[in-house]
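Everything on this sheet refers to the single structure shown next.
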Amino acid sequence: MNKRAQLGMAMFLIAEAVFFSLLIPACLYLRALPIFFDASGLVLTALLLVSALCVWRGWRWAALALGAVFVGLLFGTKFSLLTAVHGLFVFAGLISIAVVPVSALRTVALYWYFFTGVWLVIFLVSRGWA
């Protein structure tokens, strides 16, 4: 993939980092963090981590399947603005993984890894708050 696409993705991810670095503390302040029942948060985290591994290995369709299960289960948890916004970004990532050519998968992988990291922060902050 060309360097311009990777630079564009990096700039987009910087903007998203700023967005989530403001959204997460706002949800903390408003006590609007997601509540995960039983092991649902661990299952969601495992799904996203394994899907990131699949993207890294180049297993596009396995990553899509795991990501789709993540989004489906995510919206089955108690509603939270934070999880809804993150779920929309993961859904956009699923569409990207499905439609980009194989040569661009590396650039989309940056997006996927970033939102996996955002999920880890959301999950850890939610667990620490509860």
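Nothing fancy with the numbering, it's 1 onward along the sequence.
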Inset, instruction - Would you mind reporting whether P34 and I122 have side-chain heavy atoms less than 4.5 Å apart? - result: yes
Inset, instruction - Would you check if V55 and R60 make a side-chain contact, meaning some heavy-atom pair closer than 4.5 Å? - result: no
Can you tell me how far [atom2] of [Y] sits from [atom1] of [X], rounded to the nearest 0.5 angstrom?
| X | Y | atom1 | atom2 | result |
| --- | --- | --- | --- | --- |
| T107 | W112 | OG1 | CH2 | 15.5 Å |
| C27 | L81 | SG | CG | 5.0 Å |
| L33 | L28 | CG | CG | 4.5 Å |
| L30 | L82 | CG | CG | 11.5 Å |
| F20 | F114 | CZ | CZ | 7.0 Å |
| M11 | Q6 | CE | CD | 14.5 Å |

Check [X] against [Y] and note the closest heavy-atom contact, atom names and distance.
| X | Y | value |
| --- | --- | --- |
| F123 | L42 | CZ-CD2, 3.6 Å |
| L48 | F115 | CD2-O, 4.0 Å |
| L94 | A63 | CD2-O, 4.3 Å |
| S80 | A32 | OG-O, 3.2 Å |
| C54 | L66 | SG-CD1, 3.9 Å |
| S21 | V18 | OG-O, 2.8 Å |

Linked, directly or transitively: [X] and [Y] (ILVMFWY side chains, under 4.5 Å):
| X | Y | result |
| --- | --- | --- |
| M9 | I14 | no |
| L105 | L7 | no |
| V108 | W59 | no |
| L120 | I24 | no |
| V71 | L88 | no |

Main chain of [Y], side chain of [X]: is a donor-acceptor contact present, judged purely on distance under 3.5 Å?
| X | Y | answer |
| --- | --- | --- |
| T83 | L74 | no |
| H86 | V118 | no |
| Y111 | F89 | yes |

Inset, instruction - Using the ring pair (Phe, Tyr, Trp, His ring centres under 6.0 Å) rule, take W119 and F70 through it: C-alpha gap first, then chi angles, then the decisive distance, then the call. - result: CA-CA 11 Å; W119 174 257; F70 172 85; 5.2 Å; yes
